[in-house]
Amino acid sequence: MQKKHKNISKATEQVSSVLIQWYRKNARDLPWRHTRDPYPIWISEVILQQTTVAQGEAYYHRFLKKFPTLAALASAEQDAVLKLWEGLGYYSRARNLHAAAQDVMNRFDGQFPDTYENIISLKGIGPYAAAAIGSFVYGIPRVVVDGNVLRVISRLYGIEEAVDLPATKKQITLLAQTLLDTQDPAEFNQAIMEFGAINCTYKKPSCATCPLRQFCTAHAKKIVDQLPLKSKKIKKTTRRFHFLILEDPNNCFLVDQRTGKDVWQGLFQFPLLESNKLDHELSLHDFPHIEPIKGKLVGVSELYKQTLTHQYIQACFYHFRAEASLKRHNSYKVISKSEIKDYAWPKIIVNYLKDRELL
DNA sequence: AACACGGGGTC
DNA sequence: GACCCAGTGTT
């Protein structure tokens with residue numbers, strides 16, 4: 001028992017050491033690796049959740065330029081934060097980030113918290129981000145478990161249970177935690193994620209030149225291409241949105257902000273009728289809450305399409321000319337053509353607006 | 001434990 | 001079309 005434990009320890013030490021050495025040679029030069037300031041690191045971690053480095057990098061720079069400090073973010077309007085997030089997806093990240101900034105001002109006197117428990121207490125920060133920020137900024141010895149780590153560990157230890165099951169994730173977290181180099185948690189966490197991103201990739205991993213090859217169970221069993229295993233089958237629903245582009249004589253439009261638990265919460269849209277019925281010619285009064293307005297249809301768009309993780313969305317835009325100036329009523333606002341660019345819109349609406357040169 | 005939440009990229 | 005990406009919050 002004692003001997004076995006010692007052997008495992010030695011192997012884990014070697015694996016950790018290999019990862020660190022590999023990282024020192026192969027690390028990408030990424031902007032958030034040049035600082036120990038918790039604020040930009042926090043921003044980078046939230047932006048990068050379920051987002052590729054390639055896509056997130058530009059958002060990172062724009063975000064910090066607009067909100068250079070935690071205090072600046074906390075005092076911003078939520079709509080301004082969402083506008084900066086436009087096109088990035090998973091908008092709850094932006095809303096939670098904003099709320100968390102205000103929370104830090106209130107609960108922690110504007111100082112980003114320095115313990116794992118306090119960091120993870122912030123909205124939008126879960127086990128991954130708390131371990132990442134905690135280790136990078138404060139040297140807290142908690143291992144990060146992201147998609148890269150799930151893949152690396154599941155292959156290294158030949159874990160054939162679905163990694164998206166909580167029990168498996170817990171097991172992987174424990175295994176990864178034993179690997180973590182407590183001398184430098186920050187560097188180890190960067191190393192294992194970078195290794196997954198560059199060497200132990202989902203498709204076509206570089207096993208031939210892999211420095212962990214001799215330790216890798218999946219390689220020995222020739223099942224690298226079968227791991228990690230996932231159980232979840234996502235089923236998609238189809239939804240059809242009919243948007244009313246109601247334009248008055250002053251080139252103003254009726255818009256409203258999405259609320260509730262649906263997609264795109266907090267983003268803006270045009271008066272919406274959701275109906276999966278096709279080809280029924282819509283009149284102005286088929287749209288919700290616009291009763292007194294008079295106008296006539298001057299154009300119907302082609303069908304716009306967008307695929308989300310759980311939905312196929314189709315959108316059709318009905319352009320009506322209103323006879324009189326629009327007034328705000330119910331939840332609707334009236335905005336001018338030149339103000340369209342100031343609001344955050346779902347991608348499918350951005351596509352329409354760009355096609356019509358309204359954005 | 002299962003599910004929803006976006007958009008871009010790859011094969 | 002299926003799957004992945006520096007995951008988290010809700011039910």
Side-chain angles (χ1 to χ4, degrees), chain A residues 27-28 30-33 40-60 82 85-97 99-100 119-136 143-152 162-170 173 176 186 188-198 200-205 225-237 239 258 260-267 305-313 344-351:
Chain A
R28 290 169 292 182
L30 301 175
W32 41 86
R33 288 184 178 156
I41 289 175
W42 174 33
I43 301 304
S44 75
E45 292 306 335
V46 175
I47 285 177
L48 290 170
Q49 288 167 12
Q50 295 293 283
T51 302
T52 58
V53 167
Q55 191 189 2
E57 198 163 350
Y59 281 87
Y60 172 80
L82 283 170
W85 216 265
E86 183 184 58
L88 194 56
Y90 286 160
Y91 298 95
S92 63
R93 290 182 294 170
R95 299 192 308 268
N96 288 336
L97 190 56
I119 294 171
I120 205 173
S121 77
L122 296 170
K123 274 194 169 185
I125 296 184
Y128 162 76
I133 300 168
S135 64
F136 300 159
V143 76
V144 291
V145 181
D146 71 337
N148 291 306
V149 175
L150 289 176
R151 187 170 56 255
V152 171
V163 298
D164 53 353
L165 265 38
T168 313
K169 189 169 179 182
K170 195 171 175 181
T173 301
F188 177 84
N189 277 340
Q190 293 281 9
I192 190 167
M193 285 193 286
E194 193 79 341
F195 182 77
I198 292 176
C200 194
T201 50
Y202 176 68
K203 294 279 187 186
K204 297 186 179 179
D225 60 347
Q226 296 169 41
L227 298 182
L229 192 74
K230 296 217 174 165
S231 64
K232 289 194 175 94
K233 291 281 178 278
I234 293 171
K235 60 176 152 189
K236 288 178 159 62
T237 57
R239 301 172 74 182
R258 291 182 63 85
K261 283 178 268 186
D262 206 349
V263 291
W264 304 322
Q265 186 186 137
L267 272 60
K305 298 177 181 178
Q306 183 176 17
T307 303
L308 309 184
T309 304
H310 291 86
Q311 308 180 28
Y312 297 112
I313 293 187
W345 308 92
K347 183 65 178 176
I348 200 166
I349 294 181
V350 167
N351 289 343

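Hydrogens, waters and symmetry mates are skipped; everything else that's a heavy atom, side chains included, is used. Just so we're clear, the structure is a prediction, and the values are computed from it rather than from any experiment. A, B, ... follow the sequence lines: proteins, then strands. Residue 1 opens every chain.
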#### Entry: Phosphate OP1/OP2 of B:dG7: any A:Tyr91 side-chain N/O under 4.0 Å
yes
### Between B:dG7 (P) and A:Glu57 (CD): distance, integer Å
21 Å
### Message
Using a heavy-atom cut-off of 4.0 Å across all strands, would you classify A:Tyr202 as base, sugar-phosphate, or nothing?
### Response
sugar-phosphate
### Query
Any side-chain donor-acceptor pair under 3.5 Å between A:Gln49 and A:Arg93?
no
### Task
To the nearest 0.5 Å, tell me how far A:Asp262 CG sits from A:Leu267 CG.
12.0 Å
### Residue A:Gln190, side-chain heavy atoms: nucleotide from C:dA6, B:dG7, B:dC5 that is nearest
C:dA6
### Query
Within the structure, does a side-chain N or O atom of A:Trp85 lie under 4.0 Å from either OP1 or OP2 of B:dG7?
no
### Message
For the backbone of A:Ile313 and the side chain of A:Gln306, can you confirm whether one donor and one acceptor N or O come within less than 3.5 Å of each other?
### Response
no
### Message
So if I take every side-chain heavy atom of A:Thr51 and compare against C:dC5, B:dG6, C:dC4, which nucleotide ends up nearest?
### Response
B:dG6
### Query
Nearest-Å distance, CD1 (A:Ile313) to C1' (B:dC5)?
11 Å
### Task
Mind checking A:Ile348 for me? I need base, sugar-phosphate or nothing, with any heavy atom below 4.0 Å counting as a touch.
nothing
### Query
Rounding to a whole Å, what distance do you find between A:Lys305:NZ and B:dG6:C1'?
19 Å
#### Entry: Nearest-angstrom distance from the residue atom CG of A:Leu122 to C1' of C:dG9
14 Å
### Query
What distance, rounded to whole Å, do you find between the two C1' atoms, one in C:dC4 and one in B:dC5?
16 Å
### Message
Any side-chain N or O of A:Arg93 below 4.0 angstrom from OP1/OP2 of B:dG6?
### Response
no
## Note on the structure
note: A:Arg151, atom CZ; C:dC3, atom C1'; distance rounded to Å ~ 12 Å
### Message
Return the NZ to CG distance between A:Lys230 and A:Leu150, rounded to the nearest 0.5 Å.
### Response
7.0 Å
### Task
Give one of base, sugar-phosphate or nothing for A:Lys203, where a contact means two heavy atoms less than 4.0 Å apart.
nothing
### Task
For nucleotides B:dG6 and C:dC3, find the distance between their C1' atoms and express it as a whole number of Å.
15 Å
### Message
To the nearest 0.5 Å, what is the distance between CH2 on A:Trp32 and CG on A:Leu48?
### Response
4.5 Å
### Message
Could you measure the distance from the CD atom of A:Gln265 to the CG atom of A:Leu82? Nearest 0.5 Å is fine.
### Response
9.0 Å
### Query
How long is the line joining CG of A:Leu150 and C1' of C:dC4, in whole Å?
12 Å
Let me check something: any side-chain donor-acceptor pairs from residues 127-136 of chain A under 3.5 Å, sequence neighbours excluded? List them with distances.
from	atom 1	to	atom 2	distance (Å)
A:Tyr128	OH	A:Glu45	OE1	2.6
A:Ser135	OG	A:Ala131	O	2.8
A:Ser135	OG	A:Ala132	O	3.0
A:Ser135	OG	A:Asn189	ND2	2.9

### Message
Nearest whole Å is fine: how far is B:dC5 P from A:Leu88 CG?
### Response
17 Å
Sort me out a list of protein N/O and nucleotides 2-4 of chain B N/O pairs below 3.5 Å, or just none if empty.
from	atom 1	to	atom 2	distance (Å)
B:dA4	OP2	A:His310	NE2	3.4

### Summary
When A:Ile125 and A:Thr52 are each assigned the nearest nucleotide of DNA chain C, the 5'-most assignment goes to A:Thr52
### Query
What's the NZ-P distance between A:Lys123 and B:dC5, to the nearest Å?
17 Å
### Message
Can you tell me if A:Tyr128 touches the phosphate of C:dA6, counting only side-chain N or O atoms and a distance under 4.0 Å to OP1 or OP2?
### Response
no
### Query
Among residues 41-50 of chain A, which residues get a heavy atom nearer than 4.0 Å to DNA chain C?
A:Glu45, A:Leu48, A:Gln49, A:Gln50
### Task
Kindly check if the number of other-residue, nucleotide or ligand heavy atoms within 6.0 Å of NZ (A:Lys236) is above 12?
yes
### Task
Name the residue closer to the 5' end of DNA chain B, choosing between A:Thr309 and A:Lys204 according to the nucleotide with the nearest heavy atom.
A:Thr309
### Query
Using the P atom in both, what is the distance from C:dT8 to B:dG8, to the nearest Å?
22 Å
### Query
From A:Ile192 CD1 over to A:Arg151 CZ, what is the distance, rounded to the nearest 0.5 angstrom?
10.5 Å
### Task
Mind checking the OH-CG spacing from A:Tyr91 to A:Leu97? Nearest 0.5 Å is all I need.
14.5 Å
## Note on the structure
Residue pair A:Gln55/A:Lys169 against DNA chain C: nearer the 5' end by closest nucleotide is A:Gln55
### Query
Contact class for A:Ala54 vs. all strands (heavy atom < 4.0 Å): base, sugar-phosphate, or nothing?
nothing
### Query
If you measure from the Lys or Arg side-chain nitrogens to the Asp or Glu carboxylate oxygens, is any gap between A:Arg28 and A:Glu57 under 4.0 Å?
no
